[in-house]
Amino acid sequence: MPEIAKTSLIDRFNRRIDYVRLSVTDRCDFRCTYCMAEDMTFLPRRDVLSLEEIARIAGIFVNLGVAKLRVTGGEPLVRRDVGQLFQQLGALEGLAELAVTTNGSQLAQHAPALRAAGVTTVNISLDTLDPERFHALTRTGHLHDVLAGIEAARAQHFPRIRINSVILQGSNETDVLPLLNFALDRGLDIAFIEEMPLGQVNLAGKPLEFVASDEILETIARHHDLQPDTAPDHGGPARYWRVDGGPSRLGLISPHSNNFCASCNRLRVTAEGQLLLCLGNDHAISLRDLLRAGASDADLSEAICRALQDKPEQHVFAQPDQPQIMRFMNASGG
Ligand code: SAM
Ligand code: SF4
């Protein structure tokens, strides 16, 4: 196969892509209100990439210079035999960071295998510490399962564990400080995420419920000492602070109030093999169709490099005149 330079993944706006998020399923055992409808129809299995196809695509990206892969979903840990995929990804030469984003419900049983496979970073979603509110927000989930998952991850000493919390007006605003303290007590990082308008959950006139990051920051700053953390290893949309001089970092992910598109370093591959160039736009090509039509690794590499030139300059969430993006978050992997 012709050698494609490892620096090929640079777009029209001179952004270097070194991070790919792989959604391995659109299915989930939760139905979080901001992510899914209560009654979801999932993709037919034949439309979803096989684990072998995902591993092949991942290998091509790493060959093109991608240093970080994140496995997400849907809920990645509900996919049967997903442990095999982690093993294959962990063995890719040139990969510096293997991450997973999970709702934590099944993490207790998976944590040792993930660690053994070489996973370095675990993000666990947790929006409240109140069991009833947790059940209401996730529609099906139980807080104690996720807490057990977090403890199992801590016991494995992953280099980095971060709690992800979506804060919604009139729902879990009062959870900000308890969630932060939960993370601080355990030496974990925590990121508060502004809700993004994706999928039909935001249709039918449902108003956006996000709480602006600055509001969250003000609430926290009234109780804690915050120092901006400018370590260069972030490579993501979160802005970080050190809290009370300890090891935990507070992150704020603010698609509405702080546009981070200029430093975007990532691409996404959906469960059905769409290469998504931007979470907030519809630009995509089907890697699955190319794979299943017999494309070689060189063909796929070229298609990826060509598609990258269509990566939009910025997302369109904050622009009311732009069409609403119709994907559910579970389909694109967040
Ligand atoms: N199921 C896993 C989980 O919940 O962590 C991984 C997939 S989930 C789509 C990835 C992240 O996206 C989670 O942290 C979740 O809270 C976040 N998320 C889902 N819907 C969102 C939305 N509408 N706006 C902002 N974040 C959202
Ligand atoms: Fe499932 Fe994660 Fe979406 Fe919640 S946020 S419904 S856990 S995919």
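Every number for a ligand or one of its atoms is a count from 1 in the order of the listing.
Those atoms of ligand 1 that come under 4.0 Å of a heavy atom in Glu195, given as number and element, are 23 (N), 24 (N), 25 (C). Interface of Glu194 with ligand 1, defined as ligand atoms under 4.0 Å from a residue heavy atom, comprises 25 (C). Below 4.0 Å from some heavy atom of Thr102 lie the following atoms of ligand 1, by number and element: 2 (C), 3 (C), 5 (O). Close approach of ligand 1 to Val166 is summarised as follows: ligand atoms under 4.0 Å from at least one heavy atom of the residue are 16 (O), 26 (N). Using a 4.0 Å cut-off to heavy atoms of Gly74, the atoms of ligand 2 that qualify are 8 (S). The Thr72 neighbourhood of ligand 1 comprises atoms 6 (C), 7 (C), with distances under 4.0 Å to a heavy atom of that residue.
Test Val20, Ile17, Asp18 against Leu9 for side chain to side chain contact (heavy atoms under 4.5 Å, CB included) and you get one pass: Ile17.
The environment of Asp185 atom CG is dense: over 12 non-hydrogen atoms of other residues, nucleotides or ligands sit within 6.0 angstrom.
At a cut-off of 3.5 Å, with distance as the only test, no side-chain donor of Thr128 or Asp130 sits close to an acceptor on the other residue. Under 3.5 Å, the side chains of Asp189 and Tyr240 contain no donor-acceptor pair of N or O atoms. Glu75 and Thr102 are linked by a side-chain donor-acceptor pair at a separation below 3.5 angstrom, with hydrogens and angles left out of the test. Under the 3.5 Å distance criterion, with hydrogens and angles disregarded, a donor-acceptor pair is assigned to the side chains of Thr101 and Arg70.
Residue Cys35: an N/O/S atom is found under 2.8 Å from atom 3 (Fe) of ligand 2.
Of all the heavy atoms of Ile124, none lies under 4.0 Å from any atom of ligand 1, so neither backbone nor side chain is involved. Residue contacts with ligand 1, taken as heavy atom pairs separated by less than 4.0 Å, involve Thr101 via backbone and side-chain atoms alike.
Ligand 1 has no nitrogen or oxygen under 3.5 angstrom from a nitrogen or oxygen of Asn123. Below 3.5 Å of separation, one finds no N or O of Cys35 facing any N or O of ligand 1. At least one N or O atom of Glu75 sits closer than 3.5 Å to an N or O atom of ligand 1. Close N/O approach between Gly74 and ligand 1 is found [any backbone or side-chain N/O within under 3.5 Å]. Between Ser125 and ligand 1, at least one pair of N/O atoms sits closer than 3.5 Å.
The aromatic rings of Phe30 and Phe134 lie perpendicular to each other, with more than 60° between the two planes, well past the 30° mark.
Look at Cys32 and you'll find every heavy atom at least 4.0 Å from all atoms of ligand 1.
Remark: Arg186 qualifies as a cation-pi partner of Phe182 under the 6.0 Å distance and 45° angle criteria applied to the six-membered ring.
Between Val62 and Glu93 the shortest heavy-atom distance is CG1-O, 3.3 Å.
Salt bridge status for Arg56 with Glu53: absent, with no side-chain N to carboxylate O gap under 4.0 Å.
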